Amino acid sequence: MSEASWEQFEALDIRVGTVLSCEPFDQPRVPSFVLTIDFGDELGVKKSSAQLRTLYQAEDITGRQVLAVVNFPPKRVAGFKSECLVLGVYGAPGEVVLIGPDRLVVNGSRLG
């Protein structure tokens, strides 16, 4: 495993947001969801494609706070512009477990 510098870590802008809506997205190779996420007044609302359908239903995600990298350039996923990268960890193969705060925090709070 290669080491990352502290400067590389600091370059990532990882924020907390609340999922406002979660809709099935069947066009990608791996069926996904389109998440609409509120990151607060500074960053506003962003959309993301997330491969979470193995473990989650839309109603499990809507209203939940998640962590996301918000300063990557947008990425096209099956014609959809994903504006942030929602973070998760792999459990079993193909199973992504969402990462989020264990207590309610202000949308837009930065990982620190």
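Computed from a predicted model, the values in this text were never measured in an experiment. Excluded from the calculations below are hydrogen atoms, water molecules and symmetry mates; all remaining heavy atoms, backbone and side chain alike, are included.
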Heavy-atom count check: over 12 atoms from other residues, nucleotides or ligands less than 6.0 Å from Gln57 CD?
no
For Gln51, is there any backbone N or O sitting under 3.5 Å from a side-chain donor or acceptor partner on Tyr56?
no
Check whether any side-chain heavy atom of Lys46 lies under 4.5 Å from a side-chain heavy atom of Val70, and answer yes or no.
yes
Gap separating the CZ atom of Arg64 from the CD1 atom of Ile37, nearest 0.5 angstrom:
11.5 Å
Distance col, row Leu52:CG vs Cys22:SG, nearest 0.5 angstrom, shows 7.5 Å
Heavy-atom pair of closest approach, residues Pro31 and Arg29
CD-O, 3.8 Å
Is there a side-chain contact between Lys81 and Lys75 in this structure, where contact means two heavy atoms from C-beta onward sitting under 4.5 Å apart?
no
Side-chain heavy atoms of Leu87 within contact of Val66, under 4.5 Å:
no
How close do Phe80 and Ser48 get, heavy atom to heavy atom, and via which atoms?
CE2-C, 3.9 Å
Asp41 and Asn107: CA distance, side-chain angles, deciding distance, side-chain contact (heavy atoms from CB on, under 4.5 Å) verdict:
CA-CA 8 Å; Asp41 292 339; Asn107 287 337; over 6 Å; no
To the nearest 0.5 angstrom, please state how far the SG atom of Cys84 sits from the CG atom of Leu35.
8.0 Å
I need the minimum non-hydrogen distance between Asn71 and Asp13, along with the two atoms involved.
OD1-N, 2.9 Å
Just verifying a value: how many Å separate Leu111 CG and Phe9 CZ, rounded to the nearest 0.5 Å?
5.0 Å
Taking the side chain as every heavy atom from C-beta outward, state whether Val96 and Tyr90 have any pair of such atoms under 4.5 Å apart.
yes
Can you measure from CG (Leu104) to CD (Gln65) and round to the nearest 0.5 angstrom?
4.5 Å
Report yes if some heavy atom in the side chain of Arg53 is under 4.5 Å from a heavy atom in the side chain of Phe33; otherwise report no.
yes
Check for a donor-acceptor pair, side chain of Ser32 on one end and backbone N or O of Val30 on the other, with a separation under 3.5 Å.
yes
Lys47 versus Ser82: any side-chain heavy-atom pair under 4.5 Å?
no
